[in-house]
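So the structure is just underneath, and the comments pick up after that.
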Amino acid sequence: MVSIIISGMPASGKSTVAQIISKKLHIRYLIGGDILKSMAKDLGFNPEKDNWWDTEEGRRFLELRMKDPSFDKKVDGILIDAINKEDCVVTSWSIPWLIGSGHVKVWLKASSEIRARRLANRDGLSLTDARRIIMERDEQNIKHYQKLYGYVLGKDLDVFNLIIDVDNVNADTVAEMLILYYNDFKSHAENH
């Protein structure tokens, strides 16, 4: 089994790239954030909107999650189980550090300004609000994963096979590059 694990800061294009790869390779994709949303739903939250994480309700759930590491541990367990059973494409802020080297691990590097523009366009926000949200999310996620697992999100990148600067590259191009790399990586892994 060889999977593609995509990571990157919020609004770097992880989910978009994962969906494109999933369609082109006919493999399942799993988005860590969607699993968290499912858990939120089980607790009575209503995470239906794309920008739910930035709503008051979404922030309340994130506060609950920050206090209880079992949420992240459960998501990580679901993703690791899937990776161990089948080839898939996964987005996650933790799996690259938690799973062995037999998978393609990629970090999508995007500037905070580009990410703010993407978030503003995607969620219909002002650029000022999107910049604030990006800054807040980055700070929260860095603290959370450093406390939970001991690495610094966005800085400790030695676990990745690839780091792709996506500021000036569209999602389709990134997906094509990853598919080429994945096919070569998988072929090499299967022949050795």
Evaluate whether atom CG of Asn168 has more than 12 neighbouring non-hydrogen atoms of other residues, nucleotides or ligands under 6.0 angstrom away.
-> no
Lys14 (side chain) donor-acceptor with Val90 (main chain) under 3.5 angstrom = no
Is the closest side-chain heavy-atom distance between Thr16 and Ile20 below 4.5 Å?
-> yes
Would you call Glu113 and Arg131 a salt bridge, using N to O less than 4.0 angstrom?
-> yes
Can you see which heavy atom on His103 is nearest to which on Met1, and at what distance?
-> CE1-O, 3.6 Å
Can you find a heavy atom in the side chain of Trp97 that is under 4.5 Å from one in the side chain of Tyr145?
-> no
Could you pull out all residues at least two apart from Ser22 that satisfy side chain to side chain contact (heavy atoms under 4.5 Å, CB included)?
-> Tyr29, Val89
Can Lys67 and Glu63 be counted as an ion pair, charged N to O under 4.0 angstrom?
-> no
Taking everything shown except Lys74 itself, do over 12 heavy atoms lie less than 6.0 Å from its NZ?
-> no
Mark yes when over 12 heavy atoms from residues, nucleotides or ligands other than Glu48 sit less than 6.0 Å from its CD; otherwise mark no.
-> yes
In Å, rounded to the nearest 0.5 Å, how long is the span from CD1 of Ile134 to OG of Ser112?
-> 8.0 Å
Could you tell me whether the side chain of Tyr149 reaches within less than 4.5 Å of the side chain of Ser94, counting heavy atoms only?
-> yes
Full working for side chain to side chain contact (heavy atoms under 4.5 Å, CB included) between Ser12 and Trp107 = CA-CA 9 Å; Ser12 59; Trp107 178 265; over 6 Å; no
Going by heavy atoms in the side chains, are Leu79 and Ile5 under 4.5 Å from each other?
-> no
Any Leu30 side-chain heavy atom under 4.5 Å of Asp34 side chain | no
